[in-house]
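Scroll down for the structure; my scribbles are underneath it.
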Amino acid sequence: MSATATRLRRIAAVATAAVAVTACSGAVLLPPSVSSNDRGVGPVVESMRRTISDPNAIVPSRSVQESTLIGASSTSPLDILVVGGGATGCGVALDAATRGLRIGLVEREDFSSGTSSRSTKLIHGGVRYLEKAVFNLDYGQLKLVFHALEERKQVIENAPHLCHALPCMTPCFNWFEVVYYWMGLKMYDLVAGRHILHLSRYYSVQESIELFPTLARKGKDKSLRGTVVYYDGQMNDSRLTVGLACSAALAGAAVLNHAEVVSFLKDEGSERIIGAKIRDNLSGQEFETYAEVVVNAAGPFCDSVRKMANKDAQPMICPSSGVHVVLPDYYSPEGMGLIVPKTKDGRVVFMLPWLGRTVAGTTDSNTSITALPEPHEDEIQFILDAICDYLNVKVRRTDVLSAWSGIRPLAMDPTAKNTESISRDHVVCEDFPGLVTITGGKWTTYRSMAEDAVNAAIKSGKLSPRNECITGNLRLVGGDGWESSSFTVLAQQYVRMKKTHGGKVVPGVMDTASAKHLSHAYGTLAERVATIAQNETLGKRLAHGYPYLEAEVAYCARNEYCESAIDFIARRSRLAFLDTDAAGRALPRIIEILAKEHNWDRSRQKQEMQKAREFLETFKSSKNAQFHDGKHK
């Protein structure tokens, strides 16, 4: 009886909240808000848009970018030096550069080499946060959802070639769940207001099976009663980060990957940070660069950066590990995800179609901070166990094509006495003069996080920007003018010239799969890649079963700061994340092309092969992991 009463109270709470949101939605959500993105900056936006979307624009070379940083002296410093080349750091560089500020950015590894490339690939408002807001009557959580839903729409609109709306199916195994999830997701629609992607709706059992053929009709002691489908966004995370870095470079920022901060430079009198000593990890050269303000956007590593300034700095990061596995495409249909908000042990589990494969996850457990986190076998087995309960196909460990772990940098108040202060929201602070730290948050809100960090830096350094933030209405490189049908131009007007093993050059058709891939990965710049494939005999596929072309390696080396084999297999293409075995087979040819582009000698090529193979071993696919198969045979 008490369980029934609890269920009824839950429904009543959701219904009451839904009515409240409905009642105020006209006043709160529907009128267009006036933000800093809308205040008299139209000409600036247009000028910057033309610069970034110019089809003939070329990003400055890496050597030019390094020279710019070296040239930032104590008498002519940068306005802001950003440490960290993830989504937030690159977002800060783009935001600040488009305000007319003089910007530098350094990243120890590669753009998006850390957390930003190891995400769930969702751009979401936070259904779970909405549930907490309702049941805990927490207005702070509700504001997080409002804000994230607004940012979700902007991320998709600013990079339409890399982001899209994805329907997500929630299975219901009793009528209470049908009512509960339907009402909750309708409320999600209402909170989204004018930022909604598509309306959620209920599907019967038969309709659900037609939409998701591998969904089980029956589970353990339960039968499917239908599903509720709602919409969130999906992205190609690392390519989005690279797009941010290249857009920032075109806007005037000096961005440099494979360069790390060794120490900070401080004013002798005030002790304020006035720059950094930087090491180029490719050449070994060290140099100093000066800046009015340093922004620490190092993600999970932001505490180590803070300790360079003050060795007694209290930790801000509570690291959490999120493991994901990649399975063959037949586990989920194209264009429909499956999300179970609460499994038998209370965790969330999902299966999403992504780049022609299925990504499943995730875990949320405490972890230590390492440069190359690896998934544990028990975490992989947990995910396989969890999805097994909802599918009518045999879930096998041998089907795992790739598995990876990412570290979520959950923000924590360094003065708090317990972990209740851990937040999914972001934190901006200046706990050492001249060093502004931005951490926490999530991928969806990277743009507003960057805006807050730049505002704090402007205040700290008493900077004079040309205009206010304009990134809410700024397409990233390749996005302006892109249409979902753009791939047809590639298919109709280009061929893939390939060289056979005997050295003969033969033409190959630019098939639909390759054309669609190039269009979505490079947007309006895809024709540049297709031209290389056609004119430089680089039209062959790098790996059987995947649309990646040899031409992409050359293009990324010339135009996207691709400086290593790992940069390409992990961040420019996603082959390491999709199929580690295929990535390994493609390595010799990738290194051969990069060697030609960067003039590598044999020693460097051998080194690249060794590093790349070691990197791939951290992705625990069935090919390179030692495991006891157990029930997933």
Pair Glu617 + Arg613, salt bridge at N-O below 4.0 Å: no
Between Tyr561 and Arg571: side-chain donor-acceptor atoms closer than 3.5 Å: no
Pair Thr439, Thr437: side-chain N/O donor-acceptor within cut-off below 3.5 Å: no
Flag for Arg108-Ser113: side-chain donor and acceptor within less than 3.5 Å: no
Ser486 and Ser519 side chains, donor-acceptor separation under 3.5 Å: no
Side-chain donor-acceptor contact under 3.5 Å, Glu552 with Ser573: no
Residues forming a ring-ring contact (aromatic ring centres under 6.0 Å, His included) with Tyr446, sequence neighbours excluded: Trp443
Chi angles and distances behind the ring-ring contact (aromatic ring centres under 6.0 Å, His included) call for His161, Tyr522: CA-CA 7 Å; His161 57 304; Tyr522 303 93; 9.0 Å; no
Between Asp237 and Ser116, a side-chain donor and acceptor under 3.5 Å: no
More than 12 heavy atoms from other groups under 6.0 Å of CG on Asp601: yes
Salt bridge Asp95-Arg99, side-chain N to carboxylate O under 4.0 Å: yes
side-chain contact (heavy atoms from CB on, under 4.5 Å) against Ser67, all qualifying residues, sequence neighbours excluded: none
Note: Glu377-Lys620 ion pair, threshold 4.0 Å (strictly below): no
Arg239/Glu560 salt bridge by N-O under 4.0 Å criterion: yes
Side-chain (Gln534) to main-chain (Val495) donor-acceptor, under 3.5 angstrom: yes
Lys277 atom NZ, neighbour heavy-atom count above 12 within 6.0 Å: no
Lys/Arg N to Asp/Glu carboxylate O, Arg541 vs Asp511, below 4.0 Å: yes
No-hydrogen, no-angle side-chain donor-acceptor test under 3.5 Å, Thr580 and Ser621: yes
Salt bridge flag under 4.0 Å for residues Asp110 and Arg572: yes
Salt-bridge criterion met for Lys611 and Glu608 (N-O under 4.0 Å): no
Electrostatic pair Arg558:Glu536 at N-O distance under 4.0 angstrom: yes
Donor-acceptor pair between Thr358 and Ser332 side chains, under 3.5 angstrom: yes
